[in-house]
2 protein chains.
Amino acid sequence: MLDATFAALADPTRRAVLAQLADKGEATVTELAEPFDMSLPGFSRHLKVLEKAGLIERSRQAQFRPCTINPEPLKEASDWLADYRKLWEARFDRLDALLAELQSDPTQTAKEDHGDPSK
Amino acid sequence: MLDATFAALADPTRRAVLAQLADKGEATVTELAEPFDMSLPGFSRHLKVLEKAGLIERSRQAQFRPCTINPEPLKEASDWLADYRKLWEARFDRLDALLAELQSDPTQTAKEDHGDPSK
DNA sequence: ATGTTAATTAACTGATATGCTAAATAATTC
DNA sequence: GAATTATTTAGCATATCAGTTAATTAACAT
């Protein structure tokens with residue numbers, strides 16, 4: 001699921017669509033496509049990617065197919081990032097500490113903390 | 001930048017590499033590749049994707065090229081997603097309200113709240 | 001029925017992604 | 001300097017992506 005979510009978010013057009021939907025709540029295909037310099041079929045495929053990733057949902061009203069955001073996958077992606085963020089930040093702090101240590105005593109390298117790559 | 005970041009995160013192998021690095025802090029290519037059923041050249045290209053996206057950095061120690069995480073792009077991605085947090089937090093409230101409304105008066109659907117698409 | 005509007009599917013192109021094996025580079029060790 | 005270890009590049013196959021135009025479906029309006 002994360003695969004499809006991140007892949008969908010990798011395109012600026014698709015991210016902009018989500019931004020529009022976050023703003024408007026609901027919008028039709030042509031309405032969403034308007035800001036982009038792209039053929040409608042081309043744009044339609046972007047929506048399909050978003051839909052397959054579960055990021056948008058489409059209903060039917062007459063000829064229109066109004067789209068809405070489904071934030072679930074965004075939450076999942078955000079949670080994934082949040083889980084690792086703490087670890088990364090902790091690492092980063094440790095790295096800072098390491099650098100400080102190295103500056104004060106250049107002969108004493110930090111193999112104890114990070115493991116020896118040649119091991 | 002977000003493009004490359006999200007694209008890099010769209011692959012489970014690459015996410016797992018970041019997870020490993022979050023855990024270990026630093027690791028060599030073969031060490032990182034070990035859990036995966038994949039040729040080393042194939043794996044090396046994944047690292048290249050991560051590096052191009054700025055998610056990892058590589059140094060040199062003898063024949064080894066130890067990798068570390070660079071959390072900057074992850075922070076960017078995380079920040080982008082955070083803008084939508086209100087959306088998924090608000091969603092269930094709105095859905096509850098809508099369902100209650102529909103139960104009390106099934107003919108009156110929720111068009112007023114979201115704008116008329118045919119306009 | 002006919003035409004109009006909204007949106008998608010079909011069919012094609014060119015670019016990029018992912019995987020492989022085999023060969024090359026780079027540093028180490030004997 | 002020859003062999004070993006770590007890693008990347010080259011070259012190739014296949015698949016998916018992003019975009020196009022032309023044709024199609026679906027619903028509405030007259």
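To find a chain, count down the sequence lines: A is the first, B the second, and so on, and within it residues start at 1. Atom set for the values below is all heavy atoms of this structure, side chains included, hydrogens, waters and symmetry mates excluded. Owing to the predicted nature of the structure, the values given are computational and were not obtained by experimental measurement.
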ask   = Rounded to whole angstrom units, what separation is found between the CG atom of L40(B) and the P atom of dA24(C)?
value = 18 Å
query = Side chain of S44(A): nearest nucleotide among dT18(C), dA27(D), dT9(C)?
reply = dT9(C)
query = Can you tell me if the side-chain N/O atoms of R60(A) get under 4.0 Å from OP1 or OP2 in dT25(D)?
reply = no
ask   = Roughly, in whole Å, what's the span from CZ in F6(A) to P in dC17(D)?
value = 17 Å
ask   = CE/M1(A) to CD/E72(A) distance, rounded to the nearest 0.5 angstrom?
value = 10.5 Å
ask   = What is the distance, rounded to the nearest whole Å, between atom CG of D11(B) and atom P of dT16(D)?
value = 14 Å
message = Check whether E26(B) reaches the backbone of T68(B) with its side chain - one donor and one acceptor, N or O, closer than 3.5 Å.
response = no
query = Think R58(A) has a side-chain N or O under 4.0 angstrom from the OP1 or OP2 of dT8(C)?
reply = yes
note = To the nearest angstrom, the CD1-C1' distance between I56(A) and dT8(C) comes to 13 Å
query = Would you say H46(B) reaches dA17(C)'s phosphate, i.e. side-chain N/O to OP1/OP2 under 4.0 Å?
reply = no
query = So, R85(B) and S78(A): side-chain donor and acceptor under 3.5 Å apart, yes or no?
reply = no
query = Given atom CZ of R45(B) and atom P of dT7(D), what is their separation to the nearest angstrom?
reply = 18 Å
task = Measure from CE on M38(A) to P on dT20(D) and round the result to the nearest Å.
result = 6 Å
ask   = Would you call L2(B) and R15(A) a side-chain contact if the rule is heavy atoms closer than 4.5 Å?
value = yes
ask   = Within less than 4.0 Å of OP1 or OP2 of dC20(C), is there a side-chain N or O belonging to S39(B)?
value = yes
ask   = Hey, which of these two, R65(A) or P41(A), hits DNA chain D nearer its 5' end, going by closest nucleotide?
value = P41(A)
For residues 36-56 of chain B, tabulate all N or O donor-acceptor pairs below 3.5 Å that involve a side-chain atom, not counting sequence neighbours.
from, atom 1, to, atom 2, distance (Å)
S39(B), OG, G42(B), N, 3.1
H46(B), ND1, R14(B), NH1, 3.1
E51(B), OE1, R58(B), NE, 3.3
E51(B), OE1, R58(B), NH2, 2.6

ask   = OP1 or OP2 of dA6(D) less than 4.0 angstrom from a side-chain nitrogen or oxygen of T30(B), does that happen here?
value = no
query = CG of L50(A) versus P of dA18(D): gap in Å, rounded?
reply = 11 Å
inquiry  = Using whole Å, what does the distance between atom C1' of nucleotide dC28(D) and atom CZ of F64(A) come to?
reply    = 9 Å
inquiry  = Does dA7(C) have OP1 or OP2 under 4.0 Å away from a side-chain N or O of K48(A)?
reply    = no
